[in-house]
Protein chains: 2
Amino acid sequence: MDTSPPAPTDADPGIVAPDQPQAEESQRIAFGRHLKKLRQDRGLTLAECSKLTGLAISTLSKAERGLMALTYDRLSQIAAGLQIDMNALFGDEGERFQPDSLAIARRGEFQLQETPNYAYEILFPEIWGKAMTPMTGLVRARSRMAFKELIRHEGQEFVYVLAGQLTLHCEGRDPITLATGESAYFDSGMGHVYTTAGEDDARILVVCFGQNLPESQPQDP
Amino acid sequence: MDTSPPAPTDADPGIVAPDQPQAEESQRIAFGRHLKKLRQDRGLTLAECSKLTGLAISTLSKAERGLMALTYDRLSQIAAGLQIDMNALFGDEGERFQPDSLAIARRGEFQLQETPNYAYEILFPEIWGKAMTPMTGLVRARSRMAFKELIRHEGQEFVYVLAGQLTLHCEGRDPITLATGESAYFDSGMGHVYTTAGEDDARILVVCFGQNLPESQPQDP
DNA sequence: AAATCTCTTTTCCTATCGGAAAAATATGCT
DNA sequence: AGCATATTTTTCCGATAGGAAAAGAGATTT
């Protein structure tokens with residue numbers, strides 16, 4: 001007989017990948033549904049989508065039902081045709097900012113969040129799927145800095161001083177003082193805190209990126 | 001004879017995708033380099049990476065050099081093995097904002113861009129890989145709006161009125177007037193233009209997201 | 001310098017992707 | 001209902017992904 005045991009050679013099963021057998025398929029199916037939604041959200045038929053992406057209708061059909069796993073080349077064709085970048089292709093497309101959305105923030109329209117040293121409001125809490133989270137804040141005069149209070153969250157942060165004088169404390173760095181009209185851009189993964197050196201409260205505008213906080217719990221910028 | 005002309009049937013070349021012939025390959029090569037970097041940044045050899053991901057060494061080798069286009073299944077295996085999610089797999093991991101980065105914008109530090117109706121400066125042009133692009137601008141008093149000048153670019157935009165009065169013109173909508181301290185958040189894929197209704201120039205702060213303009217050509221917000 | 005070890009690339013071959021066209025299913029029209 | 005059109009699914013097959021094993025290409029040691 002010629003039924004020798006299939007000796008594994010390339011990757012020996014010592015540490016092994018978290019390799020589920022049919023989990024692969026179910027993930028592919030989920031992704032297929034995702035692709036379908038992407039297409040339908042744009043009101044496209046398979047034929048139209050085929051023209052935009054250059055893939056065959058049959059390929060799209062099979063991919064959407066998880067019957068096949070598209071290659072990188074095809075995936076990037078889809079991304080190009082649908083005008084989204086690869087990141088977004090896999091991202092929670094459903095959570096995406098609505099095309100043609102527009103929202104206006106009038107003054108004092110939103111809920112003020114109060115903390116000992118800050119008062120701030122998230123500007124468009126009702127819009128879900130925003131890529132950026134803008135907020136306005138007030139840093140109280142003579143606010144003391146407590147090192148244990150360092151804020152730290154995934155992403156990037158931009159702060160602009162609307163009025164007064166702001167002191168930016170960043171982990172492992174000397175404090176930086178910003179005058180009115182000045183701004184800073186930094187990795188918000190670094191611990192950071194705002195205080196003010198001036199005699200008056202400082203008013204700031206903060207825009208965060210990278211943390212999905214659509215409706216998250218009260219949290220300092 | 002049986003040499004009928006190869007009638008295109010599935011996708012007729014009427015609108016057609018922006019389908020470059022060998023652009024596909026170069027993108028794949030770039031992605032391959034990206035994969036290699038991901039692996040090497042973790043100090044992994046092909047063999048170790050193979051164990052983690054479950055892919056054959058040869059497959060990884062070929063993929064890293066752009067000799068083959070991995071399928072969705074394999075890509076997700078890599079993502080799982082390397083403990084990053086699919087988004088990040090394609091994200092500009094290499095081009096990413098440096099962890100622990102911090103940049104300060106003092107007043108008048110950057111190059112002013114002048115257009116008939118605007119003057120603006122991009123705040124941190126030197127930092128590459130920022131997720132957001134903040135800029136400050138000046139909208140000239142009595143600026144007239146030319147419909148042909150509608151700005152349109154991928155992504156989302158946040159505008160905050162620092163001083164004066166801003167009028168936001170959005171495609172297919174009535175103009176919206178924002179007073180000092182008010183702001184708007186919108187899909188910048190919609191055509192949009194800023195003017196001012198007031199007698200004085202309006203000063204604004206704009207933060208864009210979603211367009212990769214690391215060092216792009218002068219362009220209005 | 002040959003031998004050994006480690007890491008990467010090539011080769012070969014089968015399983016699968018992916019396109020064209022036909023079949024099936026859904027939707028509308030008179 | 002019956003026909004016509006639009007959309008999706010199936011089928012078939014050539015092109016390609018991807019695994020196993022062998023062949024390079026460096027290092028390091030003896």
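In what follows, every chain begins at residue 1, and chains take the letters A, B, ... in the order their sequences are listed. Model, not experiment: these values are computed from the prediction.
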Ignoring the backbone of [X], work out which of [options] is nearest its side chain.
X: A/A56; options: D/dG19, C/dT9, C/dG19; value: C/dG19
X: A/A69; options: C/dC17, C/dT8, C/dG18; value: C/dC17
X: B/T59; options: C/dC7, C/dG19, D/dG18; value: D/dG18
X: A/S61; options: D/dG18, D/dT10, C/dT9; value: D/dT10

Rounded to whole angstroms, how far apart are [atom1] on [X] and [atom2] on [N]?
X: B/L35; N: D/dG18; atom1: CG; atom2: P; result: 12 Å
X: B/E48; N: C/dC5; atom1: CD; atom2: C1'; result: 15 Å
X: A/D73; N: D/dT16; atom1: CG; atom2: P; result: 10 Å
X: A/I57; N: D/dT7; atom1: CD1; atom2: P; result: 10 Å
X: B/Y72; N: D/dA17; atom1: OH; atom2: P; result: 19 Å
X: B/L60; N: C/dT9; atom1: CG; atom2: P; result: 11 Å
X: B/Q40; N: C/dC7; atom1: CD; atom2: P; result: 13 Å
X: B/R74; N: C/dC17; atom1: CZ; atom2: P; result: 8 Å

Which of parallel (below 30°), tilted (30 to 60°) and perpendicular (above 60°) describes B/Y72 and A/F31?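 Rings of B/Y72 and A/F31: parallel, as their planes differ by under 30°.
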Evaluate B/L35 against B/L70 for side-chain contact (heavy atoms from CB on, under 4.5 Å), listing each step before the verdict. CA-CA 11 Å; B/L35 282 179; B/L70 296 176; 4.1 Å; yes
Please state whether the base of D/dA20 and the side chain of B/S58 form at least one donor-acceptor pair under 3.5 Å?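 Yes, a donor-acceptor pair under 3.5 Å.
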Let me know, please, whether B/L46 or B/T71 comes out on the 5' side of the other along DNA chain C by nearest nucleotide.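 By nearest-heavy-atom nucleotide position, the 5'-most residue is B/L46.
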With DNA chain C as reference, determine whether B/R65 or A/K62 sits nearer its 5' end, using the nearest nucleotide of each.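 Per heavy-atom nearest nucleotide, the more 5' residue is B/R65.
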Phosphate contact (C/dT8 OP1 or OP2) by B/R39 side-chain N/O below 4.0 Å: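 Checking C/dT8 against B/R39, a side-chain N or O does come within under 4.0 Å of OP1 or OP2.
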A/T59 and side chain to side chain contact (heavy atoms under 4.5 Å, CB included): which partner among A/M68, A/Q77, A/R74?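 The side chain to side chain contact (heavy atoms under 4.5 Å, CB included) with A/T59 is passed solely by A/M68 among A/M68, A/Q77, A/R74.
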Please find the pair of heavy atoms, one from B/L46 and one from B/R39, that lie closest to each other, and give the distance.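 Closest approach of B/L46 to B/R39, heavy atoms only: N-NH1, 3.3 Å.
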So how far is it from B/L55 CG to B/I78 CD1, rounded to the nearest 0.5 Å?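 B/L55 atom CG to B/I78 atom CD1 measures 5.0 Å (nearest 0.5 Å).
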